[in-house]
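Please read all numbers here as calculations on a predicted model, not as lab measurements.
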Amino acid sequence: MSRPPEQTLYEALQGAILQRRLAPAAALDKATLGQLFGLSSNAVQRALQRLAQDGAVELPANQPARVTRPCAKRAGKLLQARLSLEMQILRLLPARLEQAELGSLCGQVQRQRDCLQRRDHAGLIEAVNGVHLQLATLADNPWLRDFLARLLRQTALHVALSRTQPYDASACDEQQRLIERLAEGDKAGAETLMEHHLRNLFARLRFIPPPTTDLHAAFAGRLASRTTARIRR
């Protein structure tokens with residue numbers, strides 16, 4: 001089957017956001033994107049709408065599309081959703097995973113370490129999410145996997161647009177220990193480690209604060225001393 005024309009633009013914009021080549025709130029002019037990728041305005045709009053469904057792009061009325069600006073409040077709600085869903089996924093796993101399945105999970109962790117060494121930010125996010133998606137696949141519930149895939153896309157966006165690097169060697173170690181608990185058949189231990197891993201990840205996220213449009217807030221604490229000095233004169 002032929003690829004829809006908007007697929008190339010969708011993947012290009014998604015990659016640019018995950019690789020931090022597009023910053024939060026960056027404007028996405030439809031005419032410029034159409035010229036760059038040789039696409040009609042309708043095709044550009046479809047690509048932007050798909051990205052908006054992923055949470056990567058905002059489409060405000062009568063304004064240009066913009067890269068989403070994540071915030072701590074949204075991240076907190078995302079963490080709550082992931083904790084609930086991933087605990088259930090762990091409970092649905094078989095009592096013991098096959099050696100090939102455990103080996104594949106460990107391979108994803110090794111891939112993360114390789115990406116860290118190469119500073120491949122997008123590859124690192126994909127490898128981290130690969131562990132969680134594989135666990136959801138092993139839980140044998142396609143609806144839960146689909147829900148998790150949506151949450152992982154949202155998490156990838158938050159990680160990519162964070163001012164910090166939430167994934168580091170310690171995150172790899174956390175996932176490796178979780179896999180070891182599953183190899184031992186210790187689901188309760190795996191749940192504890194999963195919660196620890198996710199809370200640590202979200203605690204390391206730091207976002208650029210939104211610009212203020214409130215003049216009082218913009219000059220809070222800066223004008224009082226000047227006003228006092230004038231009165232004294």
**Prompt:** If only atom types and distance count, is the side chain of Asn129 paired as donor or acceptor with the main-chain N or O of His132 below 3.5 Å?
**Reply:** no
**Request:** Check whether Ile125 and Val67 end up in the same hydrophobic cluster, where Ile, Leu, Val, Met, Phe, Trp and Tyr are linked by side-chain heavy atoms less than 4.5 Å apart.
**Result:** no
**Item:** Ion pair Arg111/Asp120, N-O distance below 4.0 Å
**Value:** no
**Nearest non-hydrogen partners of Arg69 and Arg74, listed with the distance** = O-NH1, 4.1 Å
**Asked** Do Leu138 and Val131 belong together in a cluster built from hydrophobic side chains that touch within less than 4.5 Å?
**Response** yes
**Message:** Let's go through Leu124 and Gln165 carefully: what are the C-alpha distance in whole Å and the side-chain angles of both, what is the deciding distance for side chain to side chain contact (heavy atoms under 4.5 Å, CB included) to 0.1 Å, and is it a yes or a no?
**Reply:** CA-CA 11 Å; Leu124 175 60; Gln165 173 53 279; 4.3 Å; yes
**Item:** Residue pair Gln19 / Ala122: nearest heavy atoms and the distance that separates them
**Value:** CG-CB, 3.7 Å
**Asked** So which heavy atom on Cys115 is nearest to which on Gly123, and how close?
**Response** SG-C, 3.5 Å
**Request:** Would you sort out whether Glu174 and Leu193 count as a side chain to side chain contact (heavy atoms under 4.5 Å, CB included), showing the intermediate values?
**Result:** CA-CA 7 Å; Glu174 289 166 2; Leu193 285 171; over 6 Å; no
**Request:** Can you see which heavy atom on Cys172 is nearest to which on Arg113, and at what distance?
**Result:** CB-NH1, 3.5 Å
**Donor-acceptor contact below 3.5 Å, side chain Arg20 vs main chain Ala160** = yes
**Request:** Kindly work out whether a path of hydrophobic side-chain contacts (I/L/V/M/F/W/Y, heavy atoms less than 4.5 Å apart) joins Tyr167 to Ile179.
**Result:** yes
**Asked** Can you check whether Arg50 reaches Gln7 side chain to side chain, under 4.5 Å on heavy atoms?
**Response** yes
**Asked** Distance from Gln35 atom CD to Asp29 atom CG, nearest 0.5 Å?
**Response** 8.0 Å
**Message:** If you take the centroid of each ring, where Trp contributes its six-membered ring, are His158 and Phe207 closer together than 6.0 Å?
**Reply:** yes
**Asked** How close do Ala183 and Leu102 get, heavy atom to heavy atom, and via which atoms?
**Response** CB-CD1, 3.7 Å
**Message:** I'd like to know if Arg3 and Glu11 make a salt bridge, using a cut-off of under 4.0 Å between side-chain N and carboxylate O.
**Reply:** yes
**Message:** Check this for me: Glu98, atom CD, are more than 12 non-hydrogen atoms of other residues, nucleotides or ligands nearer than 6.0 Å?
**Reply:** no
**Asked** Are Leu178 and Val128 in one and the same hydrophobic cluster, where Ile, Leu, Val, Met, Phe, Trp and Tyr link if side-chain heavy atoms are under 4.5 Å apart?
**Response** yes
**Request:** Test side chain to side chain contact (heavy atoms under 4.5 Å, CB included) on Met194 and Glu86 and set out the steps.
**Result:** CA-CA 8 Å; Met194 178 66 84; Glu86 299 211 47; 3.5 Å; yes
**Asked** Step by step, would you call Gln53 with Arg150 a side-chain hydrogen bond (donor to acceptor under 3.5 Å, both in side chains)?
**Response** CA-CA 9 Å; Gln53 290 172 356; Arg150 288 190 62 186; over 6 Å; no
**Request:** For the pair Thr68 (side chain) and Pro70 (backbone), establish whether a donor and an acceptor sit closer than 3.5 Å, ignoring hydrogens and angles.
**Result:** no
**Request:** Supply the atom-to-atom distance Arg66 CZ to Leu48 CG, rounded to the nearest 0.5 angstrom.
**Result:** 13.0 Å
**Message:** Run the side-chain hydrogen bond (donor to acceptor under 3.5 Å, both in side chains) test on Ser170 and Asp168 for me, step by step, so that the C-alpha distance in whole Å, both residues' side-chain angles and the decisive distance to 0.1 Å come before the verdict.
**Reply:** CA-CA 5 Å; Ser170 66; Asp168 55 15; 2.5 Å; yes
**Prompt:** Can you tell me how far the CD atom of Gln108 sits from the CG atom of Leu135, to the nearest 0.5 Å?
**Reply:** 10.0 Å
**Where Leu85 and Leu144 come nearest, the two heavy atoms and their spacing** = CD1-CD2, 3.3 Å
**Prompt:** How far apart are the C-alpha atoms of Thr164 and Arg204, what are their side-chain angles, what is the distance that settles it, and do they pass the side-chain hydrogen bond (donor to acceptor under 3.5 Å, both in side chains) test?
**Reply:** CA-CA 7 Å; Thr164 58; Arg204 290 191 289 265; over 6 Å; no
**Prompt:** Between CD1 of Ile89 and OG1 of Thr137, what distance do you get to the nearest 0.5 Å?
**Reply:** 9.0 Å
**Message:** Could you see if Val159 belongs to whatever hydrophobic cluster contains Val109? Use Ile, Leu, Val, Met, Phe, Trp, Tyr and a side-chain cutoff under 4.5 Å.
**Reply:** yes
**Message:** Looking at Arg96 and Glu184, would you say the former's side chain and the latter's main chain have a donor-acceptor pair under 3.5 Å?
**Reply:** yes
**Asked** How far apart are the C-alpha atoms of Leu9 and Val44, what are their side-chain angles, what is the distance that settles it, and do they pass the side chain to side chain contact (heavy atoms under 4.5 Å, CB included) test?
**Response** CA-CA 7 Å; Leu9 176 57; Val44 171; 4.0 Å; yes
**Message:** If you define the side chain from C-beta out and look only at heavy atoms, does anything of Gln110 sit under 4.5 Å from Asp114?
**Reply:** yes
**Request:** Quick one: pull up CD in Glu180 and SG in Cys106 and give me the separation to the nearest 0.5 Å.
**Result:** 7.5 Å
**Asked** So, does Thr155 use its side chain to make a donor-acceptor pair with the main chain of Leu151 at under 3.5 Å?
**Response** yes
**Item:** Leu205 backbone acceptor or donor facing Arg163 side chain under 3.5 Å
**Value:** no
**Item:** Phe37 atom CZ, neighbour heavy-atom count above 12 within 6.0 Å
**Value:** yes
**Asked** If we only count heavy atoms from C-beta on, is the Leu105 to Gln175 side-chain gap below 4.5 Å?
**Response** no
**Arg199 bridged to Glu195 by N-O distance under 4.0 Å** = yes
**Asked** Counting only N and O atoms by type, is there a donor-acceptor contact under 3.5 Å from the side chain of Lys30 to the main-chain atoms of Ser41?
**Response** no
**Side chain Thr32, main chain Leu28, donor-acceptor under 3.5 Å** = no
**Request:** Please confirm whether the backbone N or O of Ala190 pairs with a side-chain atom of Arg181, one donor and one acceptor, at under 3.5 Å?
**Result:** no
**Asked** Atom CZ in Arg145, atom CG in Asp140: separation rounded to 0.5 Å?
**Response** 12.0 Å
**Request:** Report yes or no: does Asp54 contribute a side-chain atom to a donor-acceptor pair with the main-chain N or O of Ala56 at less than 3.5 Å?
**Result:** no
